[in-house]
Participant: 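Structure incoming, see below.
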Amino acid sequence: MPPFEDEPDSGAPATRRDFLKVGAAAGLTAALGGCLNSQRGIQRAQAMPAGPLLAAPPMEKVRIGFVGVGGMGMVHIENLVHIPGAEIRAVCDIVDDKVRAAQDRVVKAGFAKPTGYSRGPLDFERMCQEEELDLVYNATPWEWHVPICIAAMKAGKHAATEVPAAYTVDDCWRLVETAEKLGKHCVMMENCNYGRAELLMLNLVRKGMFGELLHGEGGYLHDLREIKFSKEGEGLWRRAHSIRRDGNLYPTHGLGPIAQCMDINRGDRFDYVVSMSSNSRGLRLYAAEQFPAGDPRRAEVFKLGDVNASLIRTVNGRTIYLAHNCDNPRPYSRINMLQGTRGILSGYPDRVHIEGRSPPHRWETLDKYYEEFEHPLWRSEEVKSSTSGHGGMDYLEDLRLIECLRKGRPTDMNVYDAAAISVITPLTEQSVANRSRPQDVPDFTRGRWKTNEKLGIAGLA
Ligand SMILES: NC(=O)c1ccc[n+]([C@@H]2O[C@H](COP(=O)([O-])OP(=O)(O)OC[C@H]3O[C@@H](n4cnc5c(N)ncnc54)[C@H](O)[C@@H]3O)[C@@H](O)[C@H]2O)c1
């Protein structure tokens with residue numbers, strides 16, 4: 001590990017400083033961390049030494065402490081009880097009943113009862129201190145991802161987090177610096193990187209079917225109005241971000257698979273981003289139409305523009321269009337488009353056109369391409385038949401994480417990916433706030449993107 005310049009630790013105090021107090025009675029008492037700090041982030045990039053962080057020693061079993069067992073947490077629990085070598089030893093949530101439900105699920109699967117932690121929003125710190133764990137995995141609201149990952153790594157555990165890993169430039173750096181200093185993995189679990197069409201797309205890229213890659217498009221276009229206004233689950237915390245922030249708040253599902261195909265941090269990297277937001281209408285309109293007079297939700301005012309459109313340029317000259325809209329009536333889409341000099345693949349609906357193979361000017365469906373070019377990870381019946389969480393891709397991401405940890409291999413996604421993809425959020429916020437001015441993307445790898453190996457086409461062990 002290279003020398004590490006120890007900075008004043010903004011870690012533990014930050015957990016108490018400016019995060020949402022999320023809880024049964026919390027409502028929307030948002031005090032969201034500031035995002036306007038990229039200048040410092042860029043300077044820091046120059047000041048920090050480089051450090052390798054690819055693999056950790058192998059382990060027979062992966063002993064897991066799981067923090068946040070709500071909607072997505074229980075999807076991961078369901079996956080993990082089926083994955084060989086994974087053992088859930090501790091479960092933490094601020095809601096006692098959720099801890100009990102997760103414990104019951106683990107016991108039902110034939111394991112010993114995991115220790116429960118539910119003494120408040122910082123009880124994950126006690127779990128990290130008391131438990132012998134290899135991995136602390138969290139699926140909590142966004143404001144808790146960084147404090148939990150940092151607490152885990154400081155206690156000598158690897159960290160895995162739901163998306164986005166962080167939403168300030170400084171927090172992205174903190175994850176990278178802490179992981180390097182302590183030699184721990186800090187993986188952002190981007191399940192869409194393991195989608196069937198997305199992995200087919202990667203395989204086609206690796207086989208050169210698209211020629212030279214030029215452009216990608218991705219997005220998170222998901223009508224979340226009902227969920228955001230719900231009195232449970234994400235309704236307790238996600239809407240608060242729409243009140244205080246304007247930009248692309250959720251870039252990872254659309255951008256992750258494009259970044260994977262474009263070898264971001266492994267031959268290319270994001271250079272700069274520009275971003276623009278539309279007016280904010282959808283949430284206020286929804287509240288006015290859905291809730292009776294006097295309901296406090298009708299009085300809420302939202303900063304988040306309904307449609308956010310961003311453009312990223314990479315150092316190698318590729319372009320990416322990234323969209324975000326969760327507040328209007330519309331069917332779901334992540335766009336998932338990749339254009340090269342020889343062809344194009346696009347999602348929603350899935351279609352492909354490869355020069356010389358496809359009829360001129362016509363789309364083809366993916367069926368024939370799956371027959372010929374299915375990614376090895378998707379050839380397994382185990383994955384195809386997994387029904388837990390987004391049709392198999394969530395199972396695959398958990399399976400790969402556990403497999404890589406057990407074998408002591410580099411994880412498919414690492415802390416540099418977590419930082420590079422997550423940092424797009426605060427940079428879009430800065431761009432939107434500044435008449436769409438370009439924002440430089442920090443090089444979290446500090447130059448190693450030039451020599452890092454490309455992600456291979458892995459199969460199941
Ligand atoms: N990858 C995906 O497809 C996908 C899908 C949904 C959600 N997510 C992500 O998963 C995360 C959780 O989302 P969700 O839908 O499960 O939300 P949720 O509200 O259903 O679950 C969050 C859980 O965290 C608990 N919690 C809150 N603060 C905590 C704390 N300090 N310590 C311990 N537990 C705490 C809550 O009680 C709740 O059980 C978010 O980051 C979200 O972006 C990802």
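We count ligands from 1, going down the list as the structure has it; atoms in each ligand are counted the same way.
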Participant: Within the 3.5 Å criterion, strictly below it, is a donor on Thr425 or Asn248 matched to an acceptor on the partner's side chain?
Facilitator: no

Participant: Does only the side chain of Met189 get under 4.0 Å from ligand 1, or the backbone, or both, or neither? Count heavy atoms.
Facilitator: neither

Participant: Using salt bridge (charged side-chain N to carboxylate O under 4.0 Å, His left out) as the criterion, list what pairs up with Glu232, not counting sequence neighbours.
Facilitator: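 Result, salt bridge (charged side-chain N to carboxylate O under 4.0 Å, His left out) vs Glu232: none returned.
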
Participant: Would you call Tyr117 a ligand 1 contact, heavy-atom distance under 4.0 Å?
Facilitator: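 Tyr117: no contact with ligand 1 (<4.0 Å).
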
Participant: Number the atoms of ligand 1 from 1 as they appear, then name those within less than 4.0 Å of a heavy atom of Val95, with their elements.
Facilitator: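 Result: 37 (O).
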
Participant: Are Arg63 and Glu132 within salt-bridge range, i.e. N to O under 4.0 Å?
Facilitator: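 Salt bridge flag = yes for Glu132 with Arg63.
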
Participant: Return yes or no for this condition: an N or O of Phe124 is under 3.5 Å from an N or O of ligand 1.
Facilitator: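 Between Phe124 and ligand 1 (N or O atoms, distance only) the closest approach is not under 3.5 Å.
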
Participant: How does Glu234 reach ligand 1, if at all, at less than 4.0 Å between non-hydrogen atoms: by side chain, backbone, both, or neither?
Facilitator: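 It is both backbone and side chain that touch ligand 1.
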
Participant: Heavy atoms only: give me the nearest Leu221-Ala323 pair and the separation to one decimal.
Facilitator: CD2-CB, 3.9 Å

Participant: Looking at ligand 1, does any of its N/O atoms fall within less than 3.5 Å of an N/O of Pro121?
Facilitator: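 Yes: some nitrogen or oxygen of Pro121 is under 3.5 Å from one in ligand 1.
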
Participant: Which atoms of ligand 1 are found less than 4.0 Å from any heavy atom of His145?
Facilitator: 41 (O)

Participant: Looking only at non-hydrogen atoms, which of His76, Met188, Glu162 approaches atom 10 (O) of ligand 1 most closely?
Facilitator: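 It is Glu162 whose heavy atom sits nearest to atom 10 (O) of ligand 1.
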
Participant: Relative to the heavy atoms of Gly233, which atoms of ligand 1 are at a distance of less than 4.0 Å?
Facilitator: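 Counting atoms of ligand 1 from 1, those under 4.0 Å from Gly233 are 19 (O), 20 (O).
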
Participant: Please classify the Asn191 to ligand 1 contact at 4.0 Å (heavy-atom distances, strictly less than): side chain, backbone, both or neither.
Facilitator: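 Looking at Asn191 and ligand 1, just side chain atoms fall under 4.0 Å.
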
Participant: Suppose I only count heavy atoms of Pro141 and a 4.0 Å limit; which atoms of ligand 1 are within that range?
Facilitator: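 Listed by number with element, the hits are 22 (C), 24 (O), 26 (N), 27 (C), 28 (N).
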
Participant: Would you mind running through ligand 1 and noting each atom that sits below 4.0 Å from a heavy atom of Trp144?
Facilitator: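 In order of number, 28 (N), 31 (N).
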
Participant: Using 30° and 60° as the class limits, which term best fits the ring planes of Tyr286 and Phe229: parallel, tilted or perpendicular?
Facilitator: parallel

Participant: Which option wins on minimum heavy-atom distance to atom 30 (C) of ligand 1: Thr161, Val99, Ile94, Val163?
Facilitator: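 Heavy atom nearest to atom 30 (C) of ligand 1 belongs to Ile94.
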
Participant: Is the shortest distance from a Lys or Arg side-chain nitrogen in Arg245 or Glu429 to a carboxylate oxygen in the other one below 4.0 Å?
Facilitator: yes

Participant: Is Arg238 close to ligand 1, meaning an N/O of one under 3.5 Å from an N/O of the other?
Facilitator: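 N/O-N/O distance under 3.5 Å: no.
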
Participant: Ring centres under 6.0 Å, that's the criterion: do Phe270 and Trp449 meet it?
Facilitator: no

Participant: If you count heavy atoms of other groups shown closer than 6.0 angstrom to CE of Met59, is the number above 12?
Facilitator: yes

Participant: Do Arg298 and Phe291 form a cation-pi contact, if we require the NZ or CZ to be under 6.0 Å from the six-membered ring centre and within 45 degrees of the ring's axis?
Facilitator: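 Checked: cation-pi criterion not met.
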
Participant: What atoms of ligand 1 come closer than 4.0 angstrom to any heavy atom of His253?
Facilitator: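 Answer, ordered by atom number: 1 (N), 2 (C), 3 (O).
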
Participant: Could you pull out all residues at least two apart from Ala102 that satisfy side chain to side chain contact (heavy atoms under 4.5 Å, CB included)?
Facilitator: Val69, Met74, Val91

Participant: Got more than 12 heavy atoms from elsewhere within 6.0 Å of CZ, Arg119?
Facilitator: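 Atom CZ in Arg119 is not crowded, with 12 or fewer foreign heavy atoms closer than 6.0 Å.
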
Participant: Mark yes or no: Arg126 above the aromatic ring of Tyr117, with NZ or CZ under 6.0 Å from the six-membered ring centre and no more than 45 degrees from the axis.
Facilitator: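 No, Arg126 does not lie over the aromatic ring of Tyr117.
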
Participant: Would you kindly specify which portion of Val67 sits under 4.0 Å from ligand 1, judged on non-hydrogen atoms: side chain, backbone, both or neither?
Facilitator: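 Side chain only; the backbone of Val67 stays clear of ligand 1.
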
Participant: Below 4.0 angstrom from a heavy atom of Lys98, which ligand 1 atoms are there? Numbered from 1 as shown, please.
Facilitator: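 Those qualifying, in numeric order: 38 (C), 39 (O).
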
Participant: Going by the atom numbers of ligand 1, which of them fall below 4.0 Å from some non-hydrogen atom of Thr140?
Facilitator: 11 (C), 12 (C), 24 (O), 34 (N), 35 (C), 40 (C), 41 (O)

Participant: Backbone, side chain, both or neither: what part of Glu190 comes under 4.0 angstrom of ligand 1, heavy atoms only?
Facilitator: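 Looking at Glu190 and ligand 1, no heavy atom falls under 4.0 Å.
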
